[in-house]
2 protein chains.
Amino acid sequence: MGKRKENSTNMHNEKTIMEGCDLTYAVCMIGGRWKLLILCKLENGKLRFSELRDRINGITERMLTLQLRELEKAGLVKRTVYAEVPPKVDYELTEIAQELVPIWSQLSDWGAKHRKTTTKLISK
Amino acid sequence: MGKRKENSTNMHNEKTIMEGCDLTYAVCMIGGRWKLLILCKLENGKLRFSELRDRINGITERMLTLQLRELEKAGLVKRTVYAEVPPKVDYELTEIAQELVPIWSQLSDWGAKHRKTTTKLISK
DNA sequence: CCCATTACTTACAAATTTGTTCGTACCATA
DNA sequence: TATGGTACGAACAAATTTGTAAGTAATGGG
């Protein structure tokens, strides 16, 4: 993780913005490098830690763990531990996260539709 | 800004993910600390630099400039400079950005609806 | 006893984002 | 000539996120 300072301007601004803007709040919850990718993989049902790791190109176990923990705290992912050895843990979307799926898909469509146009603009 | 390294793992991962996931791509475009706040303020029409600055609590001129530049590069905001002294510049949403508005509003509703629930979970 | 498997941890380092503090150009007005 | 308003830019520092390279625990199989 890297714990955050309690009284930095940075932290204060983040809190203030999140409190005042539902949209920013919503986007923050899905705003880590690998979060959306993880959530997408879980759209079709439960997956084990190792399955996620193998399906997400380039992610390290540390990053996967961190992002899953945050998603869990945010109430978007449910973690289930089985009392087995070797360990078995799986992850699935919560109801709250399911409600986001249709919105994601619109966003995704928007991204696909405008990617080329926007990419051209960016490359200027 | 702070230019980015061309060949860091970090940068490489970001590129790869953006290329492979329209959703992540879409979210990246609105993913700075102040971006959504800025976009929201522009929903009802053009605003000048100073108007944005005064309406967004806590933002510095530097941050406002940076985020506006990125939004402009991303094709979400249009910048208009008037040849006057003192300088006058205004900003408005582009068509592409307008298309996002209905999606934002769903996301925002989702945020509002689940904020309490999720906040409780987070505070555990 | 040694090894393999799975889902993590920990300590550390590098990269990136944000914030602070100054400074600039321009011209009308005092 | 000094001042003021507007929209930035630059240099630097602090905070935060991301990546690297190691471990660890528990247990069945050899």
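The figures that follow rest on heavy atoms only: side chains count, while hydrogens, waters and symmetry mates do not. Below, read A as the first sequence line, B as the second, and so on, with proteins coming before strands; counting in each chain starts at 1.
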Counting only heavy atoms from other residues, nucleotides and ligands, does the tally under 6.0 Å from CD of A:E95 exceed 12?
no
Closest heavy-atom contact between A:T94 and A:G75?
OG1-O, 2.6 Å
Output yes when at least one side-chain N/O atom of A:N13 is less than 4.0 Å from OP1 or OP2 of C:dG19, else no.
yes
Classify the side chain of A:R62 versus the base of C:dT9 as yes if they form a donor-acceptor pair under 3.5 Å and no if they do not.
no
Hey, which sits more toward the 5' end of DNA chain C by its nearest nucleotide, A:P86 or B:W34?
A:P86
If you assign each of A:L68 and B:N10 to its closest nucleotide in DNA chain C, which residue comes earlier from the 5' end?
A:L68
Can you see if the side chain of B:S50 gets near the phosphate of D:dT6 - specifically, an N or O under 4.0 Å from OP1 or OP2?
no
Select base, sugar-phosphate, or nothing to describe what B:Q67 touches, counting heavy atoms under 4.0 Å on all strands.
sugar-phosphate
How about CD on A:E43, more than 12 heavy atoms from neighbouring residues, nucleotides or ligands closer than 6.0 Å, or not?
yes
Assign B:Y82 to base, sugar-phosphate, or nothing according to its heavy-atom contacts below 4.0 angstrom with the strands shown.
nothing
Heavy atoms under 4.0 Å, any strand shown: does A:R48 hit a base, just sugar-phosphate, or nothing?
sugar-phosphate
Assess A:R48 against A:Y91: is NZ or CZ under 6.0 Å from the centre of the six-membered ring, and within 45 degrees of the ring's axis?
no
Check this for me: does the side-chain of A:R33 come within 3.5 Å of the base of D:dT17 through a donor and an acceptor?
no
